[in-house]
Amino acid sequence: MHWRVTKRLPAAGESGRRHTIVQMERGEEIDFILDSGLAVTRRTDGSFLIDETGEVLQPIDA
């Protein structure tokens with residue numbers, strides 16, 4: 001079974017820079033990456049953490 005893109009979520013970093021978080025699903029698994037390919041982790045408060053840089057991203061309304 002392959003990963004498929006199920007959502008694109010706009011987000012902003014601490015510096016105000018905008019990013020797009022891509023939600024992917026494979027069966028029951030859900031994973032997130034930036035559109036640039038960097039891995040992100042969803043935090044319990046609903047924000048996201050860029051794994052490689054430690055920057056916190058806040059979802060924004062499109």
Is there side-chain contact between R42 and I30, with heavy atoms separated by less than 4.5 Å?
no

Roughly how far, to the nearest 0.5 Å, is CD of Q23 from CD1 of I33?
11.5 Å

For the residue pair S47 and P59, what are the closest heavy atoms and their distance?
CA-CD, 4.1 Å

Spatial distance of atom CG (L34) from atom CD1 (I21) [nearest 0.5 Å]:
6.0 Å

Value for NZ (K7) from CD (E25), rounded to nearest 0.5 Å, stands at 8.0 Å

Please check if W3 and M1 belong to a single hydrophobic cluster, counting links between Ile, Leu, Val, Met, Phe, Trp and Tyr side chain heavy atoms closer than 4.5 Å.
no

E14 side chain to E55 backbone, donor-acceptor under 3.5 Å
no

Can you name the closest pair of heavy atoms from G13 and L57 and give their distance?
CA-CD2, 3.5 Å

How far does NE2 of H19 sit from CD1 of I50, to the nearest 0.5 angstrom?
4.5 Å

Hey, could you give me the CZ/CZ distance between R4 and R26, rounded to the nearest 0.5 Å?
12.5 Å

Considering residues, nucleotides and ligands other than R8, do more than 12 of their heavy atoms fall under 6.0 Å from its CZ?
no

Hydrophobic cluster identity match, F48 and I60, side-chain contacts under 4.5 Å:
no

Interatomic spacing from CG in L49 to OG1 in T41 - rounded to 0.5 Å
6.0 Å

